[in-house]
Amino acid sequence: MALIRLNALLVLLAFVGLAAASAQDDLCGETVDKAFSSIRQNCADLERDSICYSHPLVAAHFAENENGEDFSLPSQRASVVGLSSVRTAALDAEQARWGIAIINLRARQPQTYKGPGIIVMLAGAAEVINEIDPASVAPIGEPLSTAALAETTLFKNPGIIPAPVGTVAVDELLLVDAYDDTGEWLRVVNDGKISWVERVEVARLNAMETLPTIGIGASFPFQALSITTSAEYPACDQAEPMVAIQTPADLPVNLTINGVDIHIGSLVTFQQVHRNALSLTVHRGKVTTIFGQTAQQGESVIGILGPTASRELQVLDWSGALPASEAELARGQRAQEALNSLARVNGWPGYKTFKHPPALVHVVEHGETLYSIGRRYETSVAEIILANLGDEPLKLYSGTQLVIPNPGSGFAGHGSVPLDATREK
């Protein structure tokens, strides 16, 4: 009889323990959901080159304020000029709080561009350190209005390699806001779109002497940064720390992360999985490292961290790309949903929100066809067409983003879908 009572007590204790753990998970999840939803209320009208505190606790340090500044009021803002570091806090179960901060970086975008910049989101126990000297930052001011002296060509980039993107007629007005390194080319920013024109082809204005130079050596805040997150296991999966970086679809950027140059297009998340290891997961687009590795959507790489003469934790090498785990994909989904909310509340024109991960998203490269893409992902060409048809016929250009449904389901040709549903170029 005593044994029966003991077993019953153990079962009761186990049940109470499970119930308590479940209640803790519920509270943890609710706190995280509340933190993410606070972005809609607290980060509306977020200007570029500014940081928004969205939920306690966030601490910011500025170059001229070594003691740091606590963000204590919802929707508090600050300029990134002189901002040296940002730190967000882990879950505070008693206060039901979890830290989130949003940084909207202009990068080298012109004033005429109305969409978002590079978005950096810190969540949970995470820190981002700005390694760019404020004195090296090239300010982007209001553009000047000038006119073409004759019919002339606009180019994608300055220099001797021709890549025409259009022409302008004589006396046509152009907005210019910067020079290249040589001073022989001016950046044209009509309608927020960037192109370049030779300086001698436009009317000379005295005010042009004040325009900044945007070249190889020009930098912007947080172009080089160090990322750390807590490697401790959080109270619930939703409260895991991360740093998410998202670039506009048409503006891939080069960043230096923990001492290593990488090329980012779209959405990635970082998490320190060990004190000597930093995980990078690609949720949309792709990432290329200086070591030559490329990670596509749905893949992760691990950076091995170690001290160097210049910094405490630098990536010494990246692993090969591996399929992202379910936990990593779920992290990207939380980040994407939060950033979608940010885009909607800011009303960024032309900014496309994404569901993650309904399927892979493939960025078309020169020379690719629907047939080769279907082969690559072992899926149906017909399903690719149907998944991407909108109000207009599907157009396959370099840079087009294609949803790839059911990758790995088995390659199939066009099937019953007529070929004239697509227009390839």
Is there a donor in the side chain of E368 and an acceptor in the side chain of H362, or the other way round, less than 3.5 Å apart? yes
Under a 3.5 Å threshold, yes or no: a donor from one side chain and an acceptor from the other, between S279 and Q271? no
Side chain to side chain contact (heavy atoms under 4.5 Å, CB included) partners for T167, two or more places apart: T153
Are E131 and S226 linked by a side-chain donor-acceptor pair shorter than 3.5 Å? yes
In the structure I gave you, are the side-chain heavy atoms of I194 and R187 within less than 4.5 Å of one another anywhere? yes
I'd like to know if the side chain of Q111 and the backbone of P143 have a donor-acceptor N/O pair within less than 3.5 Å. no
In the structure I gave you, are the side-chain heavy atoms of L83 and F222 within less than 4.5 Å of one another anywhere? yes
Exercise: do N104 and S50 side chains pair donor with acceptor under 3.5 Å: no
Distance-only donor-acceptor check, side chains Q223 and S219, under 3.5 Å: no
Between Q401 and R284: side-chain donor-acceptor atoms closer than 3.5 Å: no
Do E209 and R199 sit within salt-bridge range, that is, some charged N less than 4.0 Å from a carboxylate O? yes
Would a distance-only check, ignoring hydrogens and angles, find a side-chain to backbone donor-acceptor pair under 3.5 Å from D133 to A135? yes
Going by distance alone, is a donor N or O of one side chain under 3.5 Å from an acceptor N or O of the other, for Q238 and R334? no
